[in-house]
There are 2 protein chains.
Amino acid sequence: MTQTKIGTQDMLCFALYSANNAINRLYRPLLAKLGLTYPQYLVLVSLWSEDGKTVGQLGRELGLESNTLTPLLKRMGEGGLITRKRSSQDERVVEVSLTDKGRAMQSEAGEVAACVYEAMGLAPDELMELRDRIFQLRDEVASRTP
Amino acid sequence: MTQTKIGTQDMLCFALYSANNAINRLYRPLLAKLGLTYPQYLVLVSLWSEDGKTVGQLGRELGLESNTLTPLLKRMGEGGLITRKRSSQDERVVEVSLTDKGRAMQSEAGEVAACVYEAMGLAPDELMELRDRIFQLRDEVASRTP
DNA sequence: GTAAAATAAATCGTACGCGATTTAATCGCA
DNA sequence: TGCGATTAAATCGCGTACGATTTATTTTAC
């Protein structure tokens with residue numbers, strides 16, 4: 001027997017949990033200067049890559065549901081970053097689009113991303129490999145979650 | 001130029017964020033049967049490995065501060081899992097200890113851990129390697145966070 | 001054509017995380 | 001010894017996440 005008791009330091013899930021918290025603590029003050037939270041920043045990243053998505057599309061991409069997204073998008077709308085409009089094709093669907101202000105924020109956000117990238121201290125190939133392993137784990141776990 | 005726009009799928013921080021959410025979605029219903037949340041479970045894991053820690057010690061181990069831990073521990077105290085007592089040596093310090101009920105929960109929690117381990121679909125050596133890489137990243141980021 | 005099923009958002013309540021501040025106890029040092 | 005600085009926990013407010021439910025719209029099956 002090499003180990004009788006396991007502690008938090010042995011758990012992969014705790015590694016993910018605490019690393020995610022650590023990254024958030026790095027992002028938070030940087031994004032706060034732009035008036036953003038981390039999930040709000042993710043919404044912008046998503047819309048910068050392709051503008052005009054429904055709440056459901058954003059949810060599938062980010063792994064969130066309307067109970068999280070609706071109030072978050074409402075705040076972003078009040079902040080003038082996005083617009084929310086019911087689709088005329090299907091009134092159940094809400095389309096989310098960038099405002100000029102939301103689009104303009106992309107350049108300022110570049111500095112934030114660079115700052116975070118630097119703090120990770122990883123070479124690009126290491127970073128991509130780790131990222132893909134973590135996405136794989138996420139997808140494996142998600143596929144086995146009822 | 002191989003890529004003009006980056007999206008959420010390119011970001012290591014998003015991999016961590018969404019993997020952490022996915023793991024939580026797996027844990028949540030399992031832990032709910034025991035009346036626990038994930039951070040509460042982490043507190044128990046910590047105390048099972050070594051009982052009798054101060055709020056500050058728990059905070060350093062889990063990467064949390066009293067603003068998060070105090071209400072969480074209060075709920076665990078109300079649930080009869082732990083006791084909280086001011087140290088007689090130093091009245092500023094609060095000692096957290098397991099109750100019999102909290103100790104007894106370790107065996108039930110074993111099934112939860114096994115279930116999560118299985119859902120990850122990783123061999124032990126792969127799991128340990130990934131875990132350590134993520135801890136390394138966490139520590140690197142934390143060391144560069146002002 | 002219409003009622004039931006399905007789908008998309010929104011709403012509500014609970015429990016984190018954390019920045020900022022407060023309260024209380026101990027320490028340091030002149 | 002005494003008093004300002006430090007330390008530990010608690011308190012407060014805000015913004016997520018999410019289970020459960022509700023509301024509104026569209027699809028379907030007959």
Side-chain angles (χ1 to χ4, degrees), chain A residues 16-43 53-60 62-79 81 84-96 142 145-146, chain B residues 16-33 35-43 53-60 62-79 84-96 142 145-146:
Chain A
L16 282 166
Y17 168 83
S18 60
N20 183 54
N21 282 348
I23 299 255
N24 259 314
R25 280 193 282 274
L26 176 61
Y27 263 115
R28 190 181 298 268
L30 303 173
L31 291 174
K33 289 179 189 159
L34 309 183
L36 292 174
T37 64
Y38 181 68
Q40 288 173 12
Y41 169 66
L42 289 179
V43 168
K53 289 177 178 167
T54 70
V55 172
Q57 284 175 319
L58 282 170
R60 279 185 292 280
L62 302 180
L64 299 170
E65 296 185 28
S66 65
N67 50 7
T68 298
L69 281 175
T70 297
L72 185 158
L73 294 172
K74 201 173 286 186
R75 279 186 281 273
M76 292 179 75
E78 289 163 0
L81 300 172
R84 299 155 63 236
K85 195 165 63 73
R86 293 258 166 206
S87 163
S88 52
Q89 307 301 311
D90 184 341
E91 287 281 337
R92 291 172 302 182
V93 170
V94 169
E95 304 260 15
V96 180
T145 298
Chain B
L16 282 166
Y17 167 83
S18 59
N20 183 54
N21 282 349
I23 299 256
N24 258 314
R25 280 193 282 273
L26 175 60
Y27 263 116
R28 189 181 297 269
L30 302 173
L31 291 174
K33 289 178 189 160
L36 292 174
T37 65
Y38 181 68
Q40 289 173 12
Y41 169 67
L42 289 178
V43 168
K53 290 178 177 167
T54 69
V55 173
Q57 284 175 319
L58 281 170
R60 280 186 292 281
L62 302 181
L64 299 171
E65 294 186 29
S66 66
N67 50 7
T68 299
L69 280 176
T70 296
L72 185 157
L73 295 171
K74 200 173 288 186
R75 279 185 283 270
M76 292 180 75
E78 289 162 0
R84 298 155 65 238
K85 194 164 64 74
R86 293 258 166 207
S87 161
S88 52
Q89 307 300 311
D90 184 340
E91 288 280 337
R92 292 171 302 182
V93 171
V94 169
E95 303 261 15
V96 181
T145 299

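Proteins get letters first, then strands, A, B, ... in listed order; numbering begins at 1 in each.
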So, for B:Pro71 and B:Ser66, which heavy atoms are closest and what is the spacing to 0.1 Å?
CD-O, 3.9 Å

Tell me every residue that passes side-chain contact (heavy atoms from CB on, under 4.5 Å) with B:Thr37, counting only those two or more places apart in sequence or in another chain.
B:Pro39, B:Gln40

A:Glu65: side-chain contact (heavy atoms from CB on, under 4.5 Å) partners, not counting sequence neighbours
A:Asn67

What heavy-atom pair brings B:Val43 and B:Leu69 nearest, and what distance separates the two atoms?
CG2-CD2, 4.5 Å

Here the pair of heavy atoms bringing A:Leu81 nearest to A:Leu36 is CD1-CD2, 3.5 Å

5'-most contact on DNA chain C (nearest-nucleotide basis), B:Ser88 vs A:Arg60, goes to A:Arg60

Any side-chain to backbone donor/acceptor pair from A:Thr54 onto A:Gln57? Under 3.5 Å, distance only.
yes

Applying side chain to side chain contact (heavy atoms under 4.5 Å, CB included), run through A:Leu58 and A:Leu42 and close with a yes or a no.
CA-CA 10 Å; A:Leu58 282 170; A:Leu42 289 179; over 6 Å; no

Between B:Gln89 and A:Gly56, name the one whose nearest nucleotide on DNA chain C is closer to the 5' end.
A:Gly56

For nucleotides 2-4 of chain D, give me every protein contact, N/O to N/O, under 3.5 Å, one pair per line with atom names.
none

Compare every heavy atom of A:Leu16 with every heavy atom of B:Ala19, then report the nearest pair and how far apart it is.
CB-CD2, 4.2 Å

If you look only at distance, which donor and acceptor atoms sit under 3.5 Å apart when one is on a side chain in residues 88-96 of chain B and the other is two or more places apart or in another chain?
residue, atom, partner, partner atom, Å
B:Asp90, OD1, B:Arg92, N, 3.0
B:Asp90, OD1, B:Arg92, NE, 3.1
B:Asp90, OD2, B:Arg92, NE, 3.4
B:Asp90, OD2, B:Arg92, NH2, 2.8

Please tabulate, for the side chains in residues 21-28 of chain B, all donor-acceptor contacts under 3.5 angstrom to protein atoms that are two or more places apart in sequence or on a different chain.
residue, atom, partner, partner atom, Å
B:Arg25, NH1, A:Gly63, O, 3.2

Under 4.0 Å from any heavy atom of chain A: name the first and the last nucleotide of DNA chain C that qualifies, 5' to 3'.
C:dT7 to C:dG19

Got A:Arg84 and A:Lys74 here, is their nearest side-chain heavy-atom distance under 4.5 Å?
yes

Using modelled atom types only, decide if a donor and an acceptor are shared between the side chain of B:Thr68 and the backbone of B:Leu64 within a distance under 3.5 Å.
no

Between the axis at one end of the helix from C:dG1-D:dC30 to C:dA30-D:dT1 and the axis at the other (five pairs apiece), what's the angle to 10 degrees?
10°

Student check: side-chain heavy atoms of B:Glu78 and B:Leu73 closer than 4.5 Å
no

In 5'-to-3' order, the base (B), backbone-only (S) or no-contact (-) status of each nucleotide in nucleotides 14-20 of chain D, using a 4.0 angstrom heavy-atom cut-off, is -SBBBBB

